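Data first, discussion second: the structure below is written as structure tokens.
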Amino acid sequence: MKKGLLVCLALLITATSTLVFAQAKSPHLKVESPGKSVKVVYGQPSKRGRVIFGADGLEKYGKVWRTGADEATEITFTKDVMFGDKMVKAGTYTLFTIPDEKEWTVILNSKLGQWGAYDYIDPVKGVELKKKDVAQIKVPAKTNATPVEKLTITPTDSQVSIAWDMASIAIPIKPVGGTN
């Protein structure tokens, strides 16, 4: 009887902790532009009362960020595009950003399947990984009128918008060789 009670208690604790940890994980989204020429897959963290960007924030200014939660964000272009002022071939890339108060650096990297930005910023692995950068552009940062609770990445056929907390950016994209 005692053994059965202990087994039931252990199962209850396991089920409860699994449920709690599952709820804490950020949802993963797959969003596409209206013309389906751009697709973004990312983990969507929430603000939950935290300061997100800056010296006291979750994401420090001037540091590489995976631009989402969990696995690094991936972006797919079905056609060649001008990504800002850089020509980028159709394909799937890892999207990193370096947030700052006035402007962000946006990075496309050809190595897929990365967890966070750890390999990118690692002093040993990072040097090799930076060689896989396909494009790096700078875009102006804007301050939102009200905080955005959940990281939101919105692709259209002409830009990719990223908004979270009080910050937002718009990355211009333009198809090469015609319209979408």
Side-chain angles (χ1 to χ4, degrees), residues 15-34 36-78 81 83-84 88 90-101 103-122 125-126 129-130 132-137 139 141-144 146-157 159-171 173:
T16 304
S17 64
T18 300
L19 182 60
V20 167
F21 287 122
Q23 289 175 343
K25 186 174 179 173
S26 298
H28 287 197
L29 302 179
K30 193 181 296 187
V31 292
E32 284 185 307
S33 64
K36 300 193 185 291
S37 61
V38 183
K39 177 176 78 172
V40 181
V41 178
Y42 70 105
Q44 185 184 47
S46 296
K47 179 174 165 48
R48 294 191 315 261
R50 302 176 290 183
V51 173
I52 301 303
F53 299 107
D56 297 327
L58 181 65
E59 301 303 331
K60 309 291 185 229
Y61 285 147
K63 301 287 183 190
V64 175
W65 175 42
R66 73 182 103 194
T67 318
D70 306 323
E71 297 88 1
T73 295
E74 291 186 356
I75 186 167
T76 301
F77 302 107
T78 60
V81 297
F83 185 81
V88 174
T92 301
Y93 304 93
T94 300
L95 175 73
F96 294 110
T97 53
I98 302 174
D100 217 329
E101 193 171 2
E103 85 179 350
W104 287 25
T105 302
V106 183
I107 304 164
L108 292 181
N109 187 278
S110 63
K111 184 170 185 320
L112 303 177
Q114 299 181 56
W115 180 263
Y118 304 109
D119 284 351
Y120 194 90
I121 59 177
D122 180 274
K125 294 179 185 176
L129 192 56
K130 287 178 186 176
K132 295 186 180 243
D133 284 355
V134 172
Q136 220 182 84
I137 64 169
V139 296
K142 295 181 180 143
T143 302
N144 302 324
T146 58
V148 175
E149 175 61 27
K150 294 180 180 221
L151 171 67
T152 304
I153 302 177
T154 308
T156 69
D157 296 319
Q159 73 178 21
V160 176
S161 300
I162 300 173
W164 195 22
D165 193 10
M166 296 304 293
S168 62
I169 63 168
I171 306 158
I173 57 172

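Note that the coordinates shown come from a computational prediction; the quantities given were computed from them, not determined experimentally.
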For the side chain of [X] and the backbone of [Y], is there at least one donor-acceptor N/O pair under 3.5 Å apart?
{"X": "Asn109", "Y": "Lys111", "result": "yes"}
{"X": "Ser110", "Y": "Lys132", "result": "yes"}
{"X": "Thr152", "Y": "Lys150", "result": "yes"}
{"X": "Gln136", "Y": "Thr105", "result": "no"}
{"X": "Lys60", "Y": "Gly57", "result": "yes"}
{"X": "Asp100", "Y": "Tyr61", "result": "no"}
{"X": "Ser168", "Y": "Ala163", "result": "no"}
{"X": "Trp65", "Y": "Glu59", "result": "no"}

So do [Y] and [X] actually touch side chain to side chain, heavy atoms under 4.5 Å?
{"X": "Thr146", "Y": "Met166", "answer": "no"}
{"X": "Arg66", "Y": "Tyr118", "answer": "yes"}
{"X": "Val31", "Y": "Thr154", "answer": "no"}

- [ ] Check the pair Trp164 / Lys47 against side-chain contact (heavy atoms from CB on, under 4.5 Å), numbers first and verdict last.
- [x] CA-CA 8 Å; Trp164 195 22; Lys47 179 174 165 48; 4.1 Å; yes
query = Taking atom types as modelled and ignoring hydrogens, do the side chains of Thr97 and Thr67 form a donor-acceptor contact shorter than 3.5 angstrom?
reply = yes
Between Glu74 and Thr76, is any side-chain donor less than 3.5 angstrom from a side-chain acceptor? no
Between [atom1] of [X] and [atom2] of [Y], what distance do you get to the nearest 0.5 Å?
{"X": "Glu32", "Y": "Thr156", "atom1": "CD", "atom2": "OG1", "result": "13.0 Å"}
{"X": "Leu58", "Y": "Ile52", "atom1": "CG", "atom2": "CD1", "result": "5.0 Å"}
{"X": "Tyr42", "Y": "Leu95", "atom1": "OH", "atom2": "CG", "result": "11.5 Å"}
{"X": "Ser26", "Y": "Leu151", "atom1": "OG", "atom2": "CG", "result": "9.0 Å"}
{"X": "Leu129", "Y": "Ile107", "atom1": "CG", "atom2": "CD1", "result": "9.5 Å"}
{"X": "Thr92", "Y": "Phe77", "atom1": "OG1", "atom2": "CZ", "result": "9.5 Å"}

Please report the shortest heavy-atom distance between [X] and [Y], naming the atom on each side.
{"X": "Ala117", "Y": "Val64", "answer": "CB-CG1, 4.0 Å"}
{"X": "Asp157", "Y": "Ser37", "answer": "OD1-OG, 2.7 Å"}
{"X": "Ile171", "Y": "Ile162", "answer": "CD1-CD1, 4.0 Å"}
{"X": "Ala72", "Y": "Gly116", "answer": "CB-O, 3.4 Å"}

- Task: Carefully, step by step, assess Val41 and Thr73 under the rule side-chain contact (heavy atoms from CB on, under 4.5 Å).
- Result: CA-CA 6 Å; Val41 178; Thr73 295; over 6 Å; no
For this session: Begin from the C-alpha positions of Ile153 and Gln44 and carry the test side-chain contact (heavy atoms from CB on, under 4.5 Å) through to its verdict.
Result: CA-CA 9 Å; Ile153 302 177; Gln44 185 184 47; over 6 Å; no
- Can the ring centroids of Phe96 and Trp104 be said to lie less than 6.0 angstrom from one another? no
Q.
As a quick check of understanding, evaluate side-chain contact (heavy atoms from CB on, under 4.5 Å) for Thr94 and Leu108, giving each step before the final call.
A. CA-CA 6 Å; Thr94 300; Leu108 292 181; over 6 Å; no
